Amino acid sequence: MAINWFKYSAPTTFYGLAGRLVPYFAWAAAILFMLGLYIGFFVAPTDAVQSEAYRIMFIHVPASILSMFIYLVMAGYAALGLIFKTRLSAMMAQALAPTGALFAFISLWTGALWGKPMWGAWWVWDARLTSELILLFLYLGFIALQASIEDSRRADKAGALLAIVGSVNVPIIYFSVKWWNTLHQGSTIKFSGTSMHIAMQQAMLAMLIACWMYAIAMTLARVRSIILEREANTTWVNELTEMKVQS
Amino acid sequence: MNRLSLFGLLGLVIRRDLLLAMRRRADVLTTLVFFVMVASLFPLGVGPEPEMLRKMASGVVWVAALLASMLSLPRMFSADYLDGTLEQMLLAPQSLTALVLGKIVAHWMLSGLPLVLIAPVLGLQFDMSAQALGMLVLALLLGTPILSMIGAVGAALTLGLRGGGVLVSLLVLPLCIPVLIFGAGAVEAVTSGMSAVSNLSLLGAFMLFALVFTPFVAAQALRISME
């Protein structure tokens, strides 16, 4: 049996698939957010050193992980679009950027909220904080570059190049706590196991997967709008039922 | 037709860009005057205490150098783009990467090298020691080529765009932050009596890394912009 692996790489078919998938991911995100917040706020015990303030990590850590991961995924899609000239890859890169920027912002913001009671300062020029801030600027630069180029094909290629160049920053953020021994604490979860309480682990895992589901749902929803916008003049878009209802 | 060697090509491009700049000296001087002015504004803003000025001198000079090099970036390709020379360069049988490298070298000689040469004078204004001054020149000598190289990518990406000047800063400045950190760090290390070798090694590594990749990336960006 021959499977057409590239069936969903065409915007036409992917538009429908994305539309069917969005509600599942959105509901999964909502349920897991509630579960994670419940365990995080009511079940997980108070930390011995950091008392109640540590609970902010349940959103801080997943947001930080996703901000880095989304950048790599975005750069990956951008590279695919540049190499294979697949239109959908470039659209996915464009759809991922705002969500990534949002997570980078949440990561910095919650970090500041956590830093005030722990370090006594809203902001410290620590290696990890600085490199995360650069990541936010890179996202904003990518979005601004794409927005300022009229021709969408040129915008895709230029953005892709920028995304690939910027990806050198991600390993710097990831290893920053090891390379520079500054204020930000090292990772608690290692391959050799963790010292965290079981309820904390569960809350963290639920929140992480919830953020993941949220990012996927948002990206799919956004890529649908991008597809509609770019293919507005094609017949298949005009034949969609949702377009007929509006007119 | 005689064939051009790689170095022959590089020499031609550099000589041409330098000659063009010599015919329009104002552009080069603007960058330099801007550099001196930004650095001179700091003592007026934060107060003239020598103790504090000595402490922030390296950072001020580096930030001023970073801003000055941003100022000259949009001009890197735009004149050639407007009069059609760039199109001919893209069509030329020689490697575009080498051509871009030539333009980067020329840009550095026009905007980076003057900054390096005038930096000791600024350093003296800030009451820096002779040792720190030497390190400042060395660090700038290693760092400013990186600024030109990363800047070339940004300039090529934003070629011909409305508001390209602001956009190029948004794209390039985040990538230049490591250069700033280690460049200023090298001077900081010397003034506090430590070895600056690690900072200089990292700057050197950045420069080699950028030298390998950025001309190629900038060439690709030019192709995208010229489609």
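This is a predicted model, so every value here is computed, not measured.
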_Less than 4.5 Å to any heavy atom of chain A: does that hold for the side chain of B:T214, its backbone, both, or neither?_
neither
*Evaluate the ring planes of B:F182 and B:F206, with Trp represented by its six-membered ring, and classify them as parallel (under 30°), tilted (30 to 60°) or perpendicular (over 60°).*
tilted
*Between B:A156, B:G154, B:P174, which shows the greatest number of heavy-atom pairs under 4.5 Å with chain A?*
B:P174
_Is A:L145 in contact with chain B via its backbone, its side chain, both, or neither, using a 4.5 Å heavy-atom distance?_
both
*Verify whether one side chain among A:S64 and A:R128 offers a donor that lies under 3.5 Å from an acceptor in the other.*
no
*Sole candidate of B:Q88, B:R75, B:R16 that passes side-chain hydrogen bond (donor to acceptor under 3.5 Å, both in side chains) when paired with B:D80*: B:R16
*Indicate the ring-plane relationship of A:W212 and A:F69, choosing parallel, tilted or perpendicular according to the 30° and 60° boundaries.*
tilted
*Could you tell me which portion of B:L161 (side chain, backbone, both or neither) has an atom closer than 4.5 angstrom to a non-hydrogen atom of chain A?*
side chain
*Taking the side chain as C-beta and beyond, is there a heavy-atom pair between A:M207 and A:F33 under 4.5 Å?*
yes
*What part of B:F209 lies closer than 4.5 angstrom to a heavy atom of chain A: side chain, backbone, both or neither?*
side chain
*Would you find more than 12 non-hydrogen atoms of other residues, nucleotides or ligands less than 6.0 Å from B:M226 atom CE?*
yes
*Who among B:L170, B:I181, B:T158 has the most heavy-atom pairs with chain A under 4.5 Å?*
B:L170
*Measure B:L157 against the heavy atoms of chain A and call it side chain, backbone, both or neither at under 4.5 Å.*
both
